[in-house]
Asker: 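Please find one structure pasted underneath; my questions will follow.
These numbers come from the heavy atoms of this one structure, side chains and all, not from hydrogens, waters or symmetry mates. Read the numbers this way: they start at 1 and go in the same order the structure lists the ligands and their atoms.
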Amino acid sequence: MKKEPFVTKEQLEEIVKEYPTPFHLYDEKGIRANAQAVKEAFSWNKGFKEYFAVKATPNPFLLNIFKECGCGCDCSSLTELMLADALHFEGKDIMFSSNTTPAEEFQYADKVNAIINLDDFTHIDFLEKTIGHIPETISCRYNPGGLFKISNSIMDNPGDAKYGFTTEQMFEGFKVLRQKGARNFGIHAFLASNTVTNEYYPTLAKSLFELAVKLKEETGADIRFINLSGGIGIPYRPEEEANDIRAIGKGVRKAYEEILLPAGMEDVAIYTELGRFMTGPYGCLVTKAIHEKHTHKEYIGCDACAVNLMRPAMYGAYHHITVMGKDNGVCDHKYDITGSLCENNDKFAVDRMLPKIDVGDLLVIHDTGAHGFSMGYNYNGKLKSAEVLLKEDGSTQLIRRAETPKDYFATFDCFDILKDMKM
Ligand SMILES: *Cc1c(COP(=O)(O)O)cnc(C)c1O
């Protein structure tokens, strides 16, 4: 399918008058409509809740939108917990799915009554020592090992992933947790990332439901929720087909009715921790072409760099690019689209066929709404960009200002070494 930006050239030209490039732009309308679709797809399940994966886009304005849509949030670190707490998410609406967890993060999670999702068997003791008790409600993350397959295709490699309890550890863990006072149990698993198939959740659900039935039978644990976590992908490439969340919800329902209902487990809530699917397509990075370079290859240099969007540099990830106003032109120029880092992997696209780009053109880099801004860093002393919300009425709101040199140097403020810095 042709990928079109969620703003027009005219709209964007107005927006860049107010906010200098580069910046991430988010589409409130798209975010809300999609959150509603997720809710509807799982409305057959009474306790359903989406816990938005904060790490995808940790912005309080966006988190508030999800809160209004009835979502909770899934945190993985101290600052994410702090953010959820500051926005008055209730404890039951905060999932704490972390790994290699520092003691102070468990303490904070306990303080805000978040649901703790343990990543490892040894964390049972660690948690008990750290907070002095085992919470009544607790969840364990499952990793069956091996390869995760749908039909015959390999989706991912859990056997090589650092996360979760083995099957035996799940059984042992539930027994130990019960002895230590846990009453309400959850099961969590994240076995494949960015899946572009309607079969991922149903396949995962089936195996977790089967495990839940066995865990209940063998350990007597009262299983209250099953957390399918993240992993529903988005079509980064034009030739990919978008997931159909209604079909996904239906597939999970079928597994629920086939496995949990006959086992008398008809009140188990389904939770999700989607990140990418919730915001990915509803954000883009807006940047301007500032140089063209003709050497061994044709380069377009822009004012954004990997600091603003790391996925291409880190994973060779594809992000579609629209040259605003030239979308109907022929793609007869082969370019590398680069940022300014002293790293040759700082390229948003390599050998990409695009219309002829001129200095001053606005480029929209698609699907940066999740794991975009949030992965940013400060290499080469580059500063992080602003984030702007395109609201439902077409107006815009600055939801994070761009960093300034002062922010970059802020961590030296307890020394007097920078007293001659002119800012
Ligand atoms: C990253 C993450 C998510 C969200 O993953 P997406 O691919 O963005 O859906 C959910 N849960 C946990 C524990 C994660 O680490």
Asker: Filter the ligand 1-protein atom pairs down to N or O on both sides and distance under 3.5 Å, then list them.
Answerer:
| residue | atom | partner | partner atom | Å |
| --- | --- | --- | --- | --- |
| ligand 1 | 8 (O) | R276 | N | 2.7 |
| ligand 1 | 8 (O) | H371 | NE2 | 2.7 |
| ligand 1 | 9 (O) | G231 | N | 3.1 |
| ligand 1 | 9 (O) | G275 | N | 3.1 |
| ligand 1 | 11 (N) | D74 | OD2 | 3.3 |
| ligand 1 | 11 (N) | S229 | OG | 3.1 |
| ligand 1 | 11 (N) | E273 | OE1 | 2.7 |
| ligand 1 | 15 (O) | K55 | NZ | 2.6 |

Asker: Thinking salt bridges, do K17 and E13 make one under a 4.0 Å N-O criterion?
Answerer: no

Asker: For the ring pair F190 and Y163, is the centre-to-centre distance below 6.0 Å?
Answerer: no

Asker: Measure from NZ or CZ of K67 to the centre of the six-membered ring of F89 and say whether it is under 6.0 Å with the direction within 45° of the ring axis.
Answerer: yes

Asker: Output yes when D222 and R183 qualify as a salt bridge under the 4.0 Å nitrogen-oxygen rule, no when they do not.
Answerer: no

Asker: From the options R311, R276, K3, select the one residue that forms a salt bridge (charged side-chain N to carboxylate O under 4.0 Å, His left out) with D367.
Answerer: K3

Asker: Establish, for the pair R352 and Y318, whether the NZ or CZ atom is under 6.0 angstrom from the six-membered ring centre and no further than 45 degrees off its axis.
Answerer: yes

